[in-house]
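Below you'll find the structure, written out as structure tokens, and then a few comments.
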Amino acid sequence: MAVQSNTRSAPPRVAFYNDPVIRGIIYQIIVAGLVIAFFVWIIANTAQNLAAQNKTTGFDFLFQTSGFGISFTLIPFDRASYYWEAFLVGLLNTLLVAAIGIVFATVIGFILGIARLSSNWLIARFATVYIEVIRNVPLLLQLFFWYFAVLKAMPAVRDSLALPLGVFINQRGLYVPRPIPDEQFGWVYVAIALAIAATIGVTIWARRRLEATGERFPVVAVNIAILIVVMVLGFIVSGASVAFEMPELQRFNFRGGLELPPEFVALAFGLTIYTAAFIAENVRSGIQAVNKGQTEAAQSLGLREGDRLRLVIIPQAMRVIIPPLTSQYLNLTKNSSLGAAIGYPELVNVFMGTTLNQTGKAIEVIAITMAVYLTLSLATSAFMNWYNARVALVER
Amino acid sequence: MSLSYVREEMVPPQPAPVRTTGVIAWARQNLFATPFDAVMTVIGVAFLIWAIPPIYNFIFPTFLGGDAVPPGGTVEDCRAAGAGACWAYISARMSFFIYGFYPPAEYWRPNLVFLLGALLIVPLLWPRAPFKRINALLFFVVYPIICYYLLNGGVFGLRRVPTEQWGGLLVTLIISLVGIICSMPIGILLALGRQSKLPIIKTLCVMFIELWRAVPLITILFMASIMLPLFMPQGTTVDKLLRALVGVTLFSSAYLAEVIRGGLQALPRGQYEAASSLGLSYWKSMGLIILPQALKHVIPGIVNSFIALFKDTSLVSIVGIFDLLNTVQAASSDINWSSPTQAVTGYLFAAFVFWIFCFAMSRYSIWMERRLDTGHKR
């Protein structure tokens, strides 16, 4: 084995400031220095300004009584409650409207996305018009429209609009019957849990049998039947009953039932309508991203229509759809902060609005609010990275 | 007996093929292909018959057969039972929607700004117009400076008009234009910083981008309007409009940075290596080789960010700036024009203005994308 002597000559001497490594270090020191100086300057200014205004900093304000009321709360809250409870109320209201918006926007968005690709000209046109109109108008304007022009223009309480199933709508909000389960109703939940376990079992058994023998089993139909039968049986056998408390028009207002304030209805409705248009576009591009050859290949393997969609097209489309879908969910959650503009008591309204105005703790309040959204966002992107890694195409 | 595989008698004539062109064939293919399609079509047509007449009557003025009150009508017409949209109210308050509280004697100044902007932007967007470089320089650098002095006044004997009096469409356009012009270079720098091999620079850029992208714009606007005065040395006052501009620009630049990063990542490594092998410095290789290609890749994404920015400008109304949406909202409580349809008409008008701008931008981006497509895709 010939040993090759190192005949490479020494690298040409360059001035140290032309060496890329040293240059990089110098640049970074300069940038870091500038950033640190900037922050020091800001902090010094802030401290000076706060001192001039005789303000203190610190998070102890969270344990002071708030002294204000909130119109719509999921947990008990009154004037004697603390500021941290106000924060919690706002956070829960944000999460509530976001959860409802996400569910409905997903359903409507998928329907619209598929409708836009429909071979039916009229249906495709409807979906296109909806998407192009809704996407190109600001959400805040839409919320104003639903809140001020639609819900506020509803009839007064006295002549509320009666919808089917005991639902009433008027200026003060939407009134729906409130289900009141009795004590026996716990058994129904048990029955539902059992039914779900049974369906999972059936699905696993059917897949094993399909793999072993090639025989098919009508999984979906059987599972639906199991769910319905077990639920009804549980309901009858346990003797449970559900009373519906109907909203009733009293002298000045409705009594009983579940009262949804107009702010909540407008915000949930507006967010759903707006986000659905974006989700529809994601769904459409996801489906279109699956090569036509995939459909043809599945056909040539002899897969039937349902299997072709379930086993070949949808898994590939979902890989394209899920990442933008999660970011739409995140957008919806962030957009729920616009509820502050129509008076829905969510995080920004309750905390950055009322609490900030009452306590004057601008820095702390804004930091906490931003931290909440930052956490939500980081959690979402963590999920997205995990999902992307899981479904990434393994290339040769 | 002769064996023959050739027919001797004529084939009986076949009926003419089912039409494959024309209205009926089209309807059969596109509206009634399957029973489900047929049901959907019938439902759709029923919906149109139910929905179109009331909408038409509401929007179109009386001389076109609708119920709306045309411009020039009186408030009594709008208050009449069964009246549609009150366009008379829109036309009466139009100057408020366009200029806000700008003094009427000085309306020529915003008008000149609009005119100059249109004169500069049309050739800029029209690919075959000459002098692109000068045009871009004029639009992106000279025009904003002229606009500032023209609108703000205080020089050349122009009356000073404080920004509190600016409003309406003027402010909406100013915020979106400043946002677009300022966020583009910041976004490019952030995207390059995020791709950088220098750890401190990369970390700083990632933190900046992720922070701004994570929080809603409304919290940033609140932050800008409450915290910016705290951050400044004592005695400095920051203009309210400027605070909103800073918030919008930072927010938008973080989104743009992520879009541009997509373009940078889509470029094959060979382009970077080719640039280095030519001996180009970092900035030259970025400016001459990488960015022109990367930016071209992400034109649709960039325009989408601009559309989002344009729509998001409506949020400044929450921090008390009179943009188009806020002027419409404020005017809807104008008792001189109070009528049942006043609010709805205002929102329809604002929605229409926003829609025109956003839809035009999205069409332009689709058109540009097709034009710039150099056929590298499959």
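Only heavy atoms go into these numbers, but all of them, side chains included; no hydrogens, no water, no symmetry mates.
- Ring orientation note: the planes of B/Y347 and A/F144 are tilted relative to one another, at an angle of 30° to 60°.
- No other option in A/N45, A/T333, A/L378 has as many heavy-atom pairs under 4.5 Å with chain B as A/N45.
- Of all non-hydrogen atoms in A/L271 and A/L143, the two that sit nearest each other are N-CD2, 4.5 Å.
- For the side-chain hydrogen bond (donor to acceptor under 3.5 Å, both in side chains) condition, the pairs that include at least one residue of residues 23-40 of chain A, sequence neighbours left out, are A/N18-A/R23.
- Between B/F310 and B/F306, the ring center distance fails the sub-6.0 Å criterion.
- Interface remark: A/V150 contributes no atoms to any contact with chain B (heavy atom separation under 4.5 Å).
- Checked against the 6.0 Å centroid criterion, the rings of A/W146 and A/F269 qualify as a close aromatic pair.
- When all heavy atoms are compared, the tightest approach of B/S365 to B/P300 is OG-CA, 4.2 Å.
- Neither the backbone nor the side chain of B/Q342 comes within contact range of chain A; no heavy atom of the residue lies under 4.5 Å from a heavy atom of that chain.
- When heavy atoms are compared at a cutoff of 4.5 Å, B/M227 approaches chain A solely by way of its side chain, counted from C-beta outward.
- Looking at A/F38, neither its backbone nor its side chain comes within 4.5 Å of chain B, counting heavy atoms on both sides.
- Both the backbone and the side chain of B/L315 come within contact range of chain A, judged by heavy atoms closer than 4.5 Å.
- Within residues 195-211 of chain B, the residues having any heavy atom under 4.5 Å from a heavy atom of chain A are, by residue number, B/L198, B/P199, B/I200, B/I201, B/L204, B/E210, B/L211.
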Just do the side-chain contact (heavy atoms from CB on, under 4.5 Å) check on A/L141 and B/F354 with the steps written out, would you? CA-CA 10 Å; A/L141 176 54; B/F354 275 109; 4.1 Å; yes
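- Proximity to chain A (any heavy atom under 4.5 Å) is restricted, for B/I318, to the side chain, taken from C-beta onward.
- Within the 4.5 angstrom heavy-atom criterion, only side-chain atoms of A/I123, from C-beta onward, approach chain B.
- Of all residues spanning residues 342-351 of chain A, those with a heavy atom less than 4.5 Å away from chain B's heavy atoms are A/V348, arranged by number.
- The two atoms that bring A/L112 and A/A280 nearest to each other are CB-CB, 3.6 Å, heavy atoms only.
- Between chain A and the options B/A343, B/S317, B/P233, the largest number of non-hydrogen pairs under 4.5 Å is found for B/P233.
- The contact between A/F126 and chain B is made entirely by side chain atoms (from C-beta outward), counting heavy-atom distances below 4.5 Å.
- Proximity to chain B (any heavy atom under 4.5 Å) is restricted, for A/R135, to the backbone atoms N, CA, C and O.
- Considering only heavy-atom pairs separated by less than 4.5 Å from chain B, the leading option among A/M352, A/K334, A/Q48, A/R125 is A/K334.
- Using cut-offs of 30° and 60° on the angle between ring planes, the pair B/W337 and B/Y89 is tilted.
- With a 4.5 Å cut-off on non-hydrogen atoms, A/A340 touches chain B through its side chain but not through its backbone.
- Within residues 363-371 of chain A, the residues having any heavy atom less than 4.5 Å from a heavy atom of chain B are, in residue-number order, A/I363, A/I366, A/T369, A/M370.
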